[in-house]
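Okay, structure first, notes after.
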Amino acid sequence: MPVPTIEGLNPEQQRAVTHGEGPLMVLAGAGTGKTRVLVHRIARLVSLGVAPWEILAVTFTNKAAGEMRERLRQAVGAEAAFRMWIGTFHSTCARLLRRHGERVGLSPDFSIFDDDDQRRLLSSLLKEASLDDAITPRSLGSLIDRAKNRGEDPVRFNNGRYGEDVLAKIYPRYRERLAREDAVDFNDLLLKVLDLADDPDMGPELASRFRYVLVDEFQDTNLVQYRLVRHLARDTRNLTVVGDDDQSIYSWRGAEPRNLLDFDRDFPDAEIVKLEQNYRSTSIILQAANSIIEHNIDRRGKSLWTDRDGGDAVLWEEATDERAEAEFIARGIAGLCHEEGRDWGDMAMLYRTHAQSRVLEEQLRRHSIDYRIVGGVSFFQRREIKDSLAFLRLVSNPAADSCFERIVNVPSRGIGKTTVDRVRAHARLAGIALLDAARSCSHGAVSSVKPAARKKLAAFVAIIDGLRDVQAAGASVAELIIQAVERSGYRERLEIEDSPESRDRLANLAELVSMASDFDDETEGKGTLVEFDERISLSSANDAADGRGAAVTMMTIHAAKGLEFPVVFLCGMEDGLFPSLREREGSNSDRDMEEERRLAYVAMTRAKDRLILTSTRMRRVWGEMRMNRPSRFLDDIPSECLAVRARPEPAYDAPTRLRRKKPMRPERDELDQRTGYDDVPSIDVDEDFDPTGSTDHVVAGEQVRHPRFGSGRVVQTLGEGSDTKLLIDFPGVGLKMVVARFVELE
DNA sequence: GTCGTCCCGGGTTCC
DNA sequence: CCGGGACGAC
């Protein structure tokens, strides 16, 4: 029977969509429409009579899951889309464990420890064991995670490597604490489901529960996730994996691109479809991105092509310092809006590290450009959010000792370390939870807890009991949060403080309440506290950032995976920063460099029409000025793709350690001849823009004139008053230190 | 118990 | 440089 062709899909996409039974691997390059293929494939399965609840689609983020569900809603209707299993590995496993967790020692109301909860717990365990000098909770956590990512017992090895002795002592207690609190960490969420897979009853059930399993971003799965997938598709073998080995950028947290590269080793009968037609970028952008990634040896090899011939050359601007870089970008944005009618919403600024965002932000503000920053400190990680949720968690789970410790004195209500120590001792002795211990201490069970302290403990216990009554009376989740913030005294404390920070925290709490309201509406009031808590625990910084209104998007390259923008500014193209040349223990530098290249590839392929690369000659890193040479990735981009802004070579000598042994990149004069900046469509920067309108005192970045050296840009100011000296970059002359009163503002 | 100061550490961060 | 945590002074 001829397969009906689906409108608007190319032959390869069609093959992937219409693939029948058995394993399928889709090697999808950037911008080749893989999401579209996945959606079509799922819709087709439904049209062939597969029940929606027999389909499991695993995405990399919650956001991606939400988008996929939305697209499926349109394709197969709301009812079917609602019944499908669409989510991340973690949310899927949480869902399975809520139903079947008793078999692996979890109640249906178990809670999930995020990184912060984990770190806090480890920190308190380290202190308890007086080992807090030996290792930081963070490093200990990463040792635990590193093992668990591979499905290994963290204490299986003790080869005397860094931290292993401490790990051997602490990890058993860590496990014990989690079990006692009916909690799992992120990795346990998956590992517990793997345990279920070994269960004589549940194992076979899980192996046949889903008729079709589809996994997106397969290059970013770790070993445990791979085992999970293999089990879930064991009986049907209807497994579709989609991914791009060139976009594997998470190996530092356990992703195994081998899962994708060697997929056909475990599934030799897998059909392999390569999607190579890119619908996103111009051929110039694609060529530039390809020129970098093709230096990687360990890759499956694809060659993306596009029929969007030509396009504007990739532009590279080398700025004096990070301020000038930011200024250039801000002006570029203004120019593009003015000249090409672009909106702020069309543009994104990508950077390697969050630390770069600050200066960029400042300049955008000066130029009155709206922006939104994706990521950074997550909304859900904010103290006030975690604190209020701890109240709720303690309400639904009185055994949640970590929550008790977190909030027993938040906001401060006079329950100090001494009292908590006594409560803790009592709890251990009686073998009860801290909350119950506090309750009996408040009744006078422990003589060392004096009446004043008893009263305070009673007040705290009353808050939790009161909240439990509110919950029992049938309050919504939103109402519960309002009550928690109210009864705990949190709101009052923040209102009394009345600082910009406290107002910010109040606003965040209001936002949490409104999220809870949305949750209540969505679940028609049937959603429980535990479910809301789970959703928050599994949420990330990126999920919270919806694009409300048109604004320039700012984020790290990692956060940009899967997104696209007409205009992309890729900032900080300097060796040391990008590629990041940080030495890591136990790392293989070639492998690291390959990952950095993939990161560059991901960043560049986000751009549809225009890609602008910026670098600085010097950058302040943690207060110290550092000279940088341009990123080695710039060397790889063919000159016909790259337009470089003509600029006299600075006369200063960069420190020798930063200099190339031999010039890998042609000298700039040569480049300019070949590309002729003037012939290239440039960005019209708003050169006359003066955001301040005043020139009270000279600051870095300002343009000044010196009687001997001519005009230059201030790089740094040193000292104050009449002694002020300025470090000025005079084009054609170089960097000079001059006394401030010898120059005038231009 | 609370407030201020010092000191350390600081990639990317999904769930 | 910047923030958070730890510790010492009231």
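In what follows, chains are A, B, ... by sequence order, proteins preceding strands, each numbered from 1.
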*Establish, yes or no, whether the cationic atom of A:R253 lies under 6.0 Å from the six-membered ring centre of A:Y250 and within 45° of the ring axis.*
yes
Within the sub-3.5 Å range, which N or O atoms of nucleotides 2-7 of chain C have a protein N or O partner, and how far apart are they?
none

*A:S580, nearest nucleotide to its side chain (from B:dT13, B:dG11, B:dC14)*: B:dG11
_Results of ring-ring contact (aromatic ring centres under 6.0 Å, His included) for A:Y371 - residues two or more places apart only_ = none
*asked:* For A:F110, does the six-membered ring have the charged nitrogen or CZ of A:R98 within the cation-pi criterion, i.e. under 6.0 angstrom from the centroid and within 45° of the normal?
replied: yes
*Below 3.5 Å, does any donor atom in the side chain of A:D115 face an acceptor in the base of B:dC15, or the other way round?*
yes
*Under a 3.5 Å cutoff on both atom distances, Watson-Crick or G-U, what's the dot-bracket for DNA chain C ([ ] crossing, | other strand)?*
||||||||||
*How about A:S488 and A:I407: do any of their side-chain heavy atoms sit closer than 4.5 Å?*
no
*Contact class for A:T88 vs. all strands (heavy atom < 4.0 Å): base, sugar-phosphate, or nothing?*
sugar-phosphate
For nucleotides 2-6 of chain B, print each protein N/O atom paired with a nucleotide N/O atom at under 3.5 Å, atom names and distance only.
| from | atom 1 | to | atom 2 | distance (Å) |
| --- | --- | --- | --- | --- |
| B:dT2 | OP1 | A:S412 | OG | 3.2 |
| B:dT2 | OP2 | A:N409 | ND2 | 3.4 |

*Apply salt bridge (charged side-chain N to carboxylate O under 4.0 Å, His left out) to A:R424 and list each qualifying residue two or more places apart in sequence or on a separate chain.*
A:E405, A:D421
Please report, to 0.1 Å, the donor-acceptor pairs under 3.5 Å made by any side chain of residues 379-386 of chain A, with sequence neighbours excluded.
| from | atom 1 | to | atom 2 | distance (Å) |
| --- | --- | --- | --- | --- |
| A:R382 | NH2 | A:V377 | O | 3.4 |
| A:E384 | OE1 | A:R505 | NH1 | 2.5 |
| A:E384 | OE2 | A:N508 | ND2 | 2.7 |
| A:K386 | NZ | A:D114 | OD1 | 3.0 |
| A:K386 | NZ | A:D114 | OD2 | 2.5 |
| A:K386 | NZ | A:D117 | OD1 | 2.9 |
| A:K386 | NZ | A:D117 | OD2 | 3.2 |

